[in-house]
Amino acid sequence: MPNLQQSMTTIRNLLNMTFFRVLLFILLGIVMYFSMYSNVKPEKLDLSLFSVAEQTIRSPITVEDKASTERKRKEAENNVKDIYVVKKEIAQNRVDLVTSIFGSVSEVNDEVKEEIEEKKKDAQNEADKDVEAPDPAGAGPEDKLAMVKEKLTDDVTREVSDGVFLSLLQAKEGELSIAKDLTVTAINKIMNNEIPAEQVENAKKRVEEELKFTSLNSDLKKAAIELGRYAIYQNQFYDPAATEELRQQTVESVEPVKILQGQIIVEENQLISRDIYRQLELVGLLDSVNSIQPFIGLSLIIVIVLSALYYYFHEMNVQRELKQSYLLLFSLIFILSILLMKVISLFQYADYSEIGYIYPAAMGAMLIKILIDEKLAMYYTIIMAIAGSVIFNEGVTGTFQLTSAIYILCSGLAAILFLSKQNRRSKILQAGLFVSAVNILVIFSMLFLRNGHYDTIEYGFYFVIALISGISSAVLAIGLLPYFEAGFGILSTMRLIELSNPNHPLLRKILTESPGTYHHSVMVANLSESACEAIGANGLLARVGCYYHDIGKTKRPQFFIENQVNIENPHDRLPPQTSKNIIIAHAADGAEMLRKHKMPKEIVDIAEQHHGTTLLKYFYYKAKQNGLEVKEEDYRYPGPKPQSKESAVIGIADSVEAAVRSMAHPTTEQIEELVKKIIADRLQDGQLNECDLTLKELETVSHSFCETLNGIFHSRIEYPEMTKQKVKQA
């Protein structure tokens, strides 16, 4: 064990250098990388086009099949029908056109009538004058036809036959009006429906049918039918802009075709077609694909995790030597856990895909919680959950096994929470049982979420491995804890609580052989613990250190005033030099006794340093009064001076408790004055020069001492019985 401690000391000294700290983290990264390398390495299959698959192959990733997506979009675009719009204004235009034809015919008829009337008037006038009157006959059909055509456009006169105009011109006014109304109504009825180009002729036939059975005379009916057919026109036209917009919307609405993780690409004994071969290549399952992306991703995850871990240790507010011990201890537990996880994962290849649940996930969390701190244990659990999700991914179609991550995370957190206020070593096994119960609940919850069908044997298997995981975590933690405590010199909270047990042999020795010293130690412990906690030091270490700080007095208990009950003070018969040697020796004797009992270094240091190099004033001045030539350094404790806040506070508390106890009825003012005087003496004597206590912290310590002492030595009410007894005695 001494050789191990020397090796640890050497490594800690190296870790004071940034280069070696970074090197240690690189080592952790290498361990993580190669533990997970095979789990992220893409599976390669030696398959050829048009060969037969020997096994069912699933996609290891989710990826978009762009070729299929493009093909699907093309199909959707081609399935979009052209958009046609109906122009309602065309129906009105054609109705207006036919109406204008009838109107032109009516106008011509009216003009001819007016002309005839004029001629008649002229003839009458000539007759009255006995002059030969002109013929009053009107214009002939050809003339009327010419007049009508002049009023219409060339397109109309070209498309409508002369017979139509002549029939209309020959019709009576009433018949013409009826013919117009019937024709316009029929045209409007037909044109209000959709008439695409290929349906124009059918529409013309429909208007012809509408007019065929009217009461018009045959000539006028033929004219109306011809005008109706002429007026029917295509009113539905192709809309390229709307069609293109619809196609674009359709293309955009097509969801990308994806090959999902776990999706079957090719069944066993199925022919590998070109499309299947392309999909295999796309998901990276062919030898021709050599992707390094998974390895880059793994490296990035490791860098992120270790960077956060490096920052955590860099900001850890503990002594440098202790920080390096913590770093070494964490690294060892970390590597041990990763390697154990990897070894267990190898059984997955032997058709034990669920064997990962037997991994003692809470072991490392328990050790780090007990030996270092709770926050680091939680961070460690998160890292293990990430690593476990990769290492235990056999049997899943992706890189991460989510159920393993949840299982490890819940298991570790359960152990940390159970031990948060249960710091005795005997509670570790109980924590293991608690973790087992949590493991069982987590596993069964995930089994039920899968909605799978399992028989009794399978449920029993999961129950047993969850139980083994929790119990083995506790057993391994209990077994490794003493080696880590001894090898790294770490004084854990659990160890301190065990040392504070009154049944400890050394504490029983103090209690039975020097009860006054034991009581004094307890009082100093009360003062020191509250003061250390007030300044952020380790209050529990201070309390336990106080219990043992005067263990050296058990060699000669009667030479110390707190143990001199109903006996004469032996120092009255001894020369000051001898008394001085006896008193001063208790610090060195105590340190030696503690070392023989393999007590932690922190406890030994407190026993050795709590008096520092202070002057034994009583015997020093007594020697001078006796006329002896003495040197001050001969009456000082050998030291060393306090090196830690805890040792310094205990040294002050030791003097304060002894001084206050010697006072008859100390008041609050007297206690405060005494405490400040003792602290000032320690400062002036240089006893606090080698610890990192600040003046502000000393003020806090002083205030804490006063509060505690005022609570102990507060004035008490005298009851009537006590008063009567005093009167009688008087």
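Count residues from 1 along the sequence.
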Task: Heavy-atom pair of closest approach, residues Lys88 and Asn192 - done: NZ-O, 3.6 Å
Open item on the list: A quick test of your reading: do over 12 heavy atoms of other residues, nucleotides or ligands sit less than 6.0 Å from CD of Glu255?
Closed with: no
Open item on the list: Could you tell me if the side chain of Glu175 sits less than 4.5 Å from the side chain of Lys180, heavy atoms only?
Closed with: no
Open item on the list: Between Gln401 and Thr403, is there a side-chain donor-acceptor contact under 3.5 Å, judged purely by atom types and distance?
Closed with: yes
Open item on the list: If I compare all heavy atoms of Ile440 with all of Ala466, which pair ends up nearest, and what's the gap?
Closed with: CG1-CB, 3.6 Å
Task: Pairs satisfying side-chain hydrogen bond (donor to acceptor under 3.5 Å, both in side chains), at least one member in residues 379-391, at least two apart - done: Ser337-Tyr380
- [ ] For Tyr233 and Val200, run side chain to side chain contact (heavy atoms under 4.5 Å, CB included): C-alpha distance rounded to whole Å, both residues' side-chain angles, the deciding distance at 0.1 Å, then the answer.
- [x] CA-CA 6 Å; Tyr233 196 79; Val200 172; over 6 Å; no
Open item on the list: Between Pro360 and Ile344, is there a side-chain heavy-atom distance shorter than 4.5 Å?
Closed with: yes
Task: Validation row: Tyr359, Met384 side chains within 4.5 angstrom (heavy atoms) - done: yes
TODO: Given side chain to side chain contact (heavy atoms under 4.5 Å, CB included), test Ile272 with Val52 step by step and report yes or no.
DONE: CA-CA 6 Å; Ile272 300 176; Val52 176; over 6 Å; no
Open item on the list: Rounded to the nearest 0.5 Å, what separates atom CD1 in Ile195 from atom CD1 in Ile190?
Closed with: 7.0 Å
Open item on the list: Salt bridge or not between Glu208 and Lys205? Use side-chain N to carboxylate O under 4.0 Å.
Closed with: no
Open item on the list: For Gln248 and Glu252, which I'm curious about, is there any donor-acceptor pair between the side chains at under 3.5 Å?
Closed with: yes
TODO: Could you pull out all residues at least two apart from Asn109 that satisfy side-chain hydrogen bond (donor to acceptor under 3.5 Å, both in side chains)?
DONE: none
TODO: Please say whether more than 12 non-hydrogen atoms of neighbouring residues, nucleotides or ligands are located less than 6.0 Å from OH in Tyr310.
DONE: yes
- [ ] Starting at CG of Leu182, measure out to CD1 of Ile225 and round the result to the nearest 0.5 Å.
- [x] 11.0 Å
Task: Residue list, side-chain hydrogen bond (donor to acceptor under 3.5 Å, both in side chains) with Gln270, at least two apart or on another chain - done: none
Open item on the list: Once rounded to the nearest 0.5 Å, what's the spacing between atom CZ of Phe165 and atom CD of Glu226?
Closed with: 8.5 Å
Task: Validation row: Val164, Ser161 side chains within 4.5 angstrom (heavy atoms) - done: yes
Task: Residue pairs involving residues 181-209 (criterion ring-ring contact (aromatic ring centres under 6.0 Å, His included); sequence neighbours excluded) - done: none
- [ ] Supply the atom-to-atom distance Lys172 NZ to Asn217 CG, rounded to the nearest 0.5 angstrom.
- [x] 9.5 Å
Task: Side-chain donor/acceptor of Asn235 to backbone N/O of Asn193, under 3.5 Å - done: yes
Open item on the list: Please evaluate residues Arg274 and Leu49 with respect to the criterion side chain to side chain contact (heavy atoms under 4.5 Å, CB included), reporting the C-alpha separation (whole Å), side-chain torsions for both, the decisive distance (0.1 Å), and the verdict.
Closed with: CA-CA 7 Å; Arg274 290 189 182 278; Leu49 187 62; 3.4 Å; yes
TODO: For residues Tyr33 and Ser299, report the shortest heavy-atom separation together with the two atoms involved.
DONE: CE1-OG, 3.4 Å
Task: For Phe444, all residues meeting ring pair (Phe, Tyr, Trp, His ring centres under 6.0 Å), sequence neighbours excluded - done: Tyr459
Task: Sequence neighbours excluded, every pair satisfying salt bridge (charged side-chain N to carboxylate O under 4.0 Å, His left out) that has a member inside residues 185-203 - done: Lys189-Glu210, Glu201-Arg229
- [ ] Give every residue pair that meets the salt bridge (charged side-chain N to carboxylate O under 4.0 Å, His left out) criterion with at least one member in residues 457-468, sequence neighbours excluded.
- [x] none
Open item on the list: Check whether Gln234 reaches the backbone of Gln236 with its side chain - one donor and one acceptor, N or O, closer than 3.5 Å.
Closed with: yes
Open item on the list: Considering only residues two or more places apart or on different chains, which pairs with a residue in residues 50-84 satisfy ring-ring contact (aromatic ring centres under 6.0 Å, His included)?
Closed with: Tyr84-Tyr238
Task: Closest non-hydrogen atom pair, Glu159 against Tyr230 - done: CB-CE1, 3.3 Å
Open item on the list: When you compare the side chain of Ile232 with that of Met191, does any pair of heavy atoms fall below 4.5 Å?
Closed with: yes
Open item on the list: Could you go through Asp219 and Lys222, starting from their C-alpha distance and side-chain angles, then the distance that decides it, and tell me whether this counts as salt bridge (charged side-chain N to carboxylate O under 4.0 Å, His left out)?
Closed with: CA-CA 5 Å; Asp219 291 339; Lys222 289 180 181 179; 5.1 Å; no
TODO: Please identify each residue that fulfils salt bridge (charged side-chain N to carboxylate O under 4.0 Å, His left out) with Glu245, with sequence neighbours left out.
DONE: none
- [ ] For Leu227 and Thr183, work out which heavy atoms get closest and say how close.
- [x] CB-CG2, 4.3 Å
- [ ] Check whether the side chains of Ser68 and Arg278 place a donor and an acceptor atom closer than 3.5 Å, and report yes or no.
- [x] yes
TODO: Any ring-ring contact (aromatic ring centres under 6.0 Å, His included) involving residues 175-212? Give me the pairs, sequence neighbours left out, ordered by first then second residue.
DONE: none
Task: Exercise: identify the closest heavy-atom pair between Thr99 and Val184 - done: OG1-CG2, 3.6 Å
Open item on the list: Ignoring hydrogens and geometry beyond distance, is a side-chain donor-acceptor pair present between Glu173 and Ser106 at under 3.5 Å?
Closed with: no
Give every donor-acceptor pair under 3.5 Å between a side-chain atom in residues 404-412 and any protein atom, sequence neighbours left out.
residue, atom, partner, partner atom, Å
Tyr407, OH, Tyr357, O, 2.6
Tyr407, OH, Asn439, ND2, 3.4
Tyr407, OH, Ser469, OG, 3.3
Ser411, OG, Asn439, OD1, 3.2

Task: Leu28 vs Phe334 side-chain heavy atoms within contact, under 4.5 Å - done: yes
Open item on the list: A cation-pi test, strictly: NZ or CZ of Lys87 under 6.0 Å from the centre of the six-membered ring of Phe237 and no more than 45 degrees from its axis. Yes or no?
Closed with: yes
Open item on the list: Any non-hydrogen side-chain atom of Asp65 less than 4.5 Å from a side-chain atom of Lys258?
Closed with: no
- [ ] May I have the step-by-step check of salt bridge (charged side-chain N to carboxylate O under 4.0 Å, His left out) for Asp162 and Lys149, ending in yes or no?
- [x] CA-CA 9 Å; Asp162 292 346; Lys149 287 185 176 183; 2.6 Å; yes
TODO: Go through Asn93 and Leu97 one step at a time and tell me if the side chain to side chain contact (heavy atoms under 4.5 Å, CB included) criterion holds.
DONE: CA-CA 6 Å; Asn93 292 340; Leu97 178 60; over 6 Å; no
Side chains of residues 74-82: which donor-acceptor pairs under 3.5 Å do they make with residues two or more places apart or in other chains?
residue, atom, partner, partner atom, Å
Asn78, ND2, Lys74, O, 3.2
Asn79, ND2, Glu75, O, 3.0
Asp82, OD1, Arg247, NH2, 3.0

- [ ] Would you give the length of the straight line joining atom OH of Tyr462 to atom CE of Met446, rounded to the nearest 0.5 angstrom?
- [x] 9.5 Å
Open item on the list: Within the 4.5 Å heavy-atom criterion, are Leu300 and Ile296 side-chain neighbours or not?
Closed with: yes
Open item on the list: Rounded to the nearest 0.5 Å, what separates atom CD1 in Ile301 from atom CE in Met32?
Closed with: 8.5 Å
